[in-house]
2 protein chains.
Amino acid sequence: MPSDTIRAALVRRLRISSGISEEDVREIEALPIAVRQYPAETPVVRDGERATECCLIVEGFCARSKTIASGKRQILSLHIPGEIPDLMSLFLHVMDHELSTLTACTLGFISHDTLRRLHQRRPVVAEMFWRDTLIDAAMFREWIVNVGQRPAPARLAHVMIELRERLRVIGRVDDENFEMPLTQEQIGEALGITAVHANRVIKQLRQDGIVEFQRGRVTVLDEARFLELADFDGRYLHQSPTL
Amino acid sequence: MPSDTIRAALVRRLRISSGISEEDVREIEALPIAVRQYPAETPVVRDGERATECCLIVEGFCARSKTIASGKRQILSLHIPGEIPDLMSLFLHVMDHELSTLTACTLGFISHDTLRRLHQRRPVVAEMFWRDTLIDAAMFREWIVNVGQRPAPARLAHVMIELRERLRVIGRVDDENFEMPLTQEQIGEALGITAVHANRVIKQLRQDGIVEFQRGRVTVLDEARFLELADFDGRYLHQSPTL
DNA sequence: CGCGGGTTCCAACAAAAGTTAAGGACGCCG
DNA sequence: CGGCGTCCTTAACTTTTGTTGGAACCCGCG
């Protein structure tokens, strides 16, 4: 796989969220990245593990999650190409959660040493990555609100719209139709509800003519009601670096 | 108020979570900080506001929260002396949530410019603060799990133990007895339940002889059952920098 | 000292979500 | 092509949580 394909989504995303310079782009293009293939539903970095590299998603979908003593799992975030979901491991060496693939993925690994040297050489890039982890935290905050305060149908709509807006940045939304490759079990784990209830909620959104969801793909039927239901305000994604 | 009192809790906390050097301590002691008093239940930084300074809690308790369209509020985190809850505003200028006091507070304000100059001068301090925002994110992740997966009594126990462990670092736990100055309304907002239900849960913990909670103070009655109920694993607080 | 506002506490009922169980669709692989 | 496993779907029932409304309590303040 050519180097620019590996880094394309990352650079595209950084341009939008951090206003990266051409010089910095060249630095990122020069980064040594070890590319590996992962099958669907596979752990990439485990909870409790000590990480020595960071993971760039080149292709495919990933999720971060935590499992509690009772065995129940909570999905914390969804991740798409161009993202580095475990950038935090650079400073928080032992993982407090798990990173795993949802679909088959192409992942690129960058060693902590390499990243630390890059930070020393280019403090601006370090700040850019810092900003990235702060946006990560902002997304967690919104996820708390979603799970804590919104009724289940609104939770689902909100997660869907967040995903759509992020996919849009990397050019992956066609006509309000986008990928969301989760099983109903996983949707339940993301929303803090059971799979049975997730099914009820999906059924209701379909019956109300708001969205269709099948085979990992979302089709919006009534954009206005979808937006209203989700109570979505995208400010937390901080997609404009100038603000 | 003498300068060392203002910075005491901050330095104490950084020593434990980041292994700060004496030289860095001196830099922090030299930071210009504007101290102001705030009454209880007062917004400090509002959602949507553009911040130009960061807020150090010198004395008192604060909380961060988001309010959704329906008017319901979700508390995202609790904050104690020595913490800088809005450090993220350094790079994410417009606030995506609110910071407000719970009790009467003494707050110290440090301008973004000052902090940015400090980062340039001492990259190690920048990394320390970065690490701090990453721990912040780790706490949000655990908060998601709490609100998403645990039954209400376990949620309450978990928030209580998290608070206790953090208070312990700054030397504010006496004999398993510690401050938690929230009304039942606020506890509900933190746990994603109503105030009525929060009351039920508190009543049950009291009846079961696990913890007592009155007038903003928690007294643990049965530590073993308290821990088991909370399903608490403090790794996410990342209190040991060496790991 | 009594008044008033904000808590705390509680009961009765309603709604949302969890549990259990089972049938059906779909795709993969032998 | 048939069997198997995963996922989806639904129903019936239980449990948890929300809602409403009201009483008791506490505390600061006039």
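Letters A, B, ... are given to chains in the order of the sequence lines, protein chains preceding strands, and every chain is numbered from 1. Side chains are part of it too, since the values below use all heavy atoms of this structure and drop only hydrogens, waters and symmetry mates.
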Contact list for residues 76-85 of chain A, test salt bridge (Lys or Arg N to Asp or Glu O under 4.0 Å), sequence neighbours left out:
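Every pair satisfying salt bridge (Lys or Arg N to Asp or Glu O under 4.0 Å) with a residue in residues 76-85 of chain A: A:E83-A:R166.
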With sequence neighbours excluded, residues passing side-chain contact (heavy atoms from CB on, under 4.5 Å) with [X]:
X	result
A:E49	A:V45, A:R46
B:T194	B:V196, B:H197
A:Q186	A:E41, A:R73, A:I75, A:L102, A:L182, A:T183, A:E189
B:I202	B:L156, B:Q184, B:I187, B:R206, B:F213

Does this structure show an ion pair linking A:R168 with A:E165, if we count only N-O contacts that are shorter than 4.0 Å?
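Judged by the 4.0 Å cut-off on N to carboxylate O distance, A:R168 and A:E165 do form a salt bridge.
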Once you round it to whole Å, what is the distance between C1' of D:dC7 and CD1 of A:I202?
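Going from A:I202 (CD1) to D:dC7 (C1'), I get 11 Å.
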Whole angstrom is fine here: how far is it from CD in B:Q149 over to P in D:dT16?
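That distance rounds to 16 Å.
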Restricting to side-chain hydrogen bond (donor to acceptor under 3.5 Å, both in side chains), what partner residues turn up for [X], sequence neighbours left out?
X	value
B:E142	A:K66, B:R150, B:H158
B:E98	none
A:D86	none

Over the length of the helix from C:dC1-D:dG30 to C:dG30-D:dC1, how much do the five-pair end axes diverge, rounded to 10 degrees?
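Inter-axis angle at the termini of the helix from C:dC1-D:dG30 to C:dG30-D:dC1: 30°.
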Please list residues of residues 203-218 of chain B whose heavy atoms come under 4.0 Å from any atom in DNA chain C, ordered by number; otherwise none.
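Under 4.0 Å from DNA chain C: B:K203, B:R206.
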Using a strict heavy-atom distance below 4.0 Å, which residues from residues 185-200 of chain B are in contact with DNA chain C?
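Result for residues 185-200 of chain B: B:V196, B:N199, B:R200, sorted by number.
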Partners passing salt bridge (charged side-chain N to carboxylate O under 4.0 Å, His left out) against B:R172 (at least two apart in sequence or in another chain):
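By the salt bridge (charged side-chain N to carboxylate O under 4.0 Å, His left out) rule, B:R172 matches B:E59, B:E179.
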